[in-house]
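Down below is the structure, laid out as structure tokens.
Naming: A, B, ... by sequence-line order, numbering from 1 per chain.
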Amino acid sequence: MAARSYWLFKSEPDCYSFDDLLNEPSGRGHWDGVRNYQARNFLRDRTSIGDGVLFYHSSCPEPGVVGIAKIVSEAYPDHTQFDPNSEAYDPKSKQDDPRWWMVDIAAEEKFLKILPLARMRQMPELVSMIVLRKGNMLSVTPVTKKEWDAVIREAKSL
DNA sequence: GCCAACGTTGGC
DNA sequence: GCCAACGTTGGC
């Protein structure tokens, strides 16, 4: 069994927030709509059940990490790519050769306070964190154990 | 295979 | 709303 991996998943809260995940009747949410090949590859090839997820809110008044989730499914084809009514519809994707993949996640813990992006930028442990890099647009990025521990420690100290 | 144009992301 | 950075597209 592979060692546990860590990820940061980014979402616009107006679109899908951590509270939306908490409110899922089934207790789990689909991480669908990823339409970037690099992020797709992370999801499809590198995630495992049990991996940790930092849930990040972007494009909002206060961006930052709002809570922890975990991956609860293997990667499987994202059904929204075949749905003409979905904003994430991809007419070029084929049923027998899906282009886009997703995983399911479940909320583990909501921080009492958001760990703001501005604060993360001040943390020496996070200088190499991908999500903090200028121009980063990936909605799924790997996180090191060191970064994972630092984020959680800092978030719980607020 | 190059590269300009365009659309999108996302912080501020 | 602005703008920088990036990915994708399509003409050649």
Spacing of A/D32 atom CG and A/Y16 atom OH [to the nearest 0.5 Å]: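 Between A/D32 CG and A/Y16 OH, I get 8.5 Å after rounding to 0.5 Å.
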Quick check for you: to the nearest 0.5 Å, what is the distance between A/I68 atom CD1 and A/W148 atom CH2?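 Reported value, rounded in 0.5 Å steps: 5.0 Å.
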Is a side-chain donor or acceptor of A/E125 paired with a backbone partner of A/A150 at a separation under 3.5 angstrom? no
Residue among A/W101, A/Y37, A/W7 satisfying ring-ring contact (aromatic ring centres under 6.0 Å, His included) with A/F42: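 Single ring-ring contact (aromatic ring centres under 6.0 Å, His included) partner of A/F42 among A/W101, A/Y37, A/W7: A/W7.
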Is a side-chain donor-acceptor pair under 3.5 Å present for A/D78 with A/T80?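 A/D78 and A/T80 do have a side-chain donor-acceptor pair below 3.5 Å.
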Check for me, please, whether A/M102 and A/I105 land in the same ILVMFWY cluster - side-chain distances under 4.5 Å, paths through other members count. no
Which of A/D19, A/V66, A/L21 passes side chain to side chain contact (heavy atoms under 4.5 Å, CB included) with A/K110? Answer is A/D19
Walk along DNA chain C from 5' to 3' and tell me the first and last nucleotide with an atom closer than 4.0 Å to a non-hydrogen atom of chain A. C/dA5 to C/dT9
Sorted by number, the residues of residues 58-68 of chain A with heavy-atom contact under 4.0 Å to DNA chain B: A/S58, A/S59, A/P63
